[in-house]
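As the structure lists them, so they are numbered: ligands from 1, and atoms in each ligand from 1. All of these numbers come straight from a predicted model, not from anything done at the bench.
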Amino acid sequence: MRGSHPRSAILGTGSELPSRVITNAALERLVDTSDQWITTRTGIKERRVLEEGKGTADMAYRAAVRALKDAGMEAKDLDAIIMGTVTPDYPFPSSACVLENMLGARKVFSFDVNAACSGFLNALAIADSLVRTGMIRHALVVGSDALSRMLNWKDRTTCILFGDGAGAVVVGPSHDGARGILSTRLRTDGSHVKTLYVPAGGSLKPASAESVRKNEHTIAMNGKEVFKIAVRSMDGISREALDEADVSIDQVSLVIPHQANLRIITALAERLKVPMSKVMVNLDRYGNTSAASVPVALDEARKEGRIQRGDIVLLNAFGAGFAWGAAVIRF
Ligand code: UT7
């Protein structure tokens, strides 16, 4: 429940997409696939890939600088940095700490959240809670992932889906009681761990010459299973978040769903009874950027003028774990 604490709000947004573009035509040269198959089955036309020698925090840094500028704030104003990522620069410490140092933020605590494609929504919900309890005033919330680093570029069932990117928002106390984050809802179901995962490289099966030879450090997925459960779960959690915010779906101006597959998004829109004109879609250009997907789409929607003051926006995401979530925000 929300309680009587003042609301938190999103005070600024920013995003960063690497400049290197991989088109479907380029993938045709790598695996047995076609632009036609990828387009009709997923809606994706191209994706971005982070250049060699750069990491997740490099993308996060550029997105963060833009979000801070948009909020009219500086890194020294931040109390916390929370980053959703499953592709940190190092196994440890967190990429949030790497980012903290890049930004020169000096009085913060920083940590990563591992909730895969739902990482940004988890990070946002944590920041919202910390601001509302008064523990902090301002948090930088980031979703940044470079899944290109975990792809088997010979596996046509996964390598066509994902791309790299970062999105960031600044969260702080709402200046106007009516505006801000109205609700957040999160959920996981650990019985599906192996439906979408990276089998090796962790403590259970550390990286070895054998694990690399077998490509076990890359993404393994049962796509059909993910598809089915994603639609149902994002529908359910969106309804819960709307109920908690006491908002009807008709009052929502824009839905910003996780950008995994256009067919998942259209099925979700049908279930929610929302016309596609009220749904943000940019996966044709970026593919599935994991934790970055929702904050990148949010930033683009704002830049395109699709979110005006007073508009109510519904965010939702679903990914490995399974982990999923939704948030309702009045801008
Ligand atoms: O954030 C969550 C991350 N994951 C997801 O969101 C994934 C959700 N799932 C999906 O998006 C879809 O299930 C996929 C796009 C992964 C696959 O689409 P599908 O319609 O479920 O296809 P399928 O797996 O049933 O495969 C149909 C056929 C198969 O051939 P056969 O067995 O019918 O002969 C596949 O081998 O398509 C084949 N196929 C491909 N063909 C050309 C699979 N991948 C490709 C490909 N190019 N890239």
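Below 3.5 Å of separation, one finds an N or O of Arg263 facing an N or O of ligand 1. Residue Thr33 places at least one N or O, backbone or side chain, under 3.5 Å from an N or O of ligand 1.
Electrostatic pairing of Asp299 and Lys303 counts as a salt bridge here, judged by a charged N lying under 4.0 Å from a carboxylate O.
Scanning all protein heavy atoms for the shortest distance to atom 3 (C) of ligand 1 gives Asn288 ND2, 3.5 Å. Summary of contacts: the protein heavy atom closest to atom 11 (O) of ligand 1 is Asn261 ND2, 2.7 Å. The closest protein non-hydrogen atom to atom 9 (N) of ligand 1 is Gly223 O, 3.0 Å. The single protein non-hydrogen atom nearest to atom 44 (N) of ligand 1 is Trp37 CH2, 3.3 Å, given as residue, atom name and distance. Summary of contacts: the protein heavy atom closest to atom 27 (C) of ligand 1 is Arg41 NH2, 3.4 Å. Among all protein heavy atoms, the one lying closest to atom 23 (P) of ligand 1 is Lys224 NZ, 3.9 Å.
Distances from atom 48 (N) of ligand 1 to the heavy atoms of Gln36, Arg156, Glu28 put Arg156 nearest. Nearest-residue assignment for atom 15 (C) of ligand 1 (options Val226, Thr42, Ile219, Thr289; heavy-atom criterion): Thr42.
Annotation: side chain of Val31 is in contact with side chain of Cys159 (closest heavy-atom distance under 4.5 Å).
Under the side chain to side chain contact (heavy atoms under 4.5 Å, CB included) rule, Ile81 has a single partner from Leu99, Asp112, Val98, which is Leu99.
The backbone N or O of Arg263 sits less than 3.5 Å from a side-chain atom of Thr266, completing a donor-acceptor pair.
Aromatic rings of Phe318 and His258 (six-membered ring for Trp) have centroids beyond the 6.0 Å cut-off, not under it.
Following chains of ILVMFWY side-chain contacts shorter than 4.5 Å, one can reach Ile44 starting from Leu30, so the two form part of one hydrophobic cluster.
Not close to ligand 1: Ile38, with no non-hydrogen atom less than 4.0 angstrom away.
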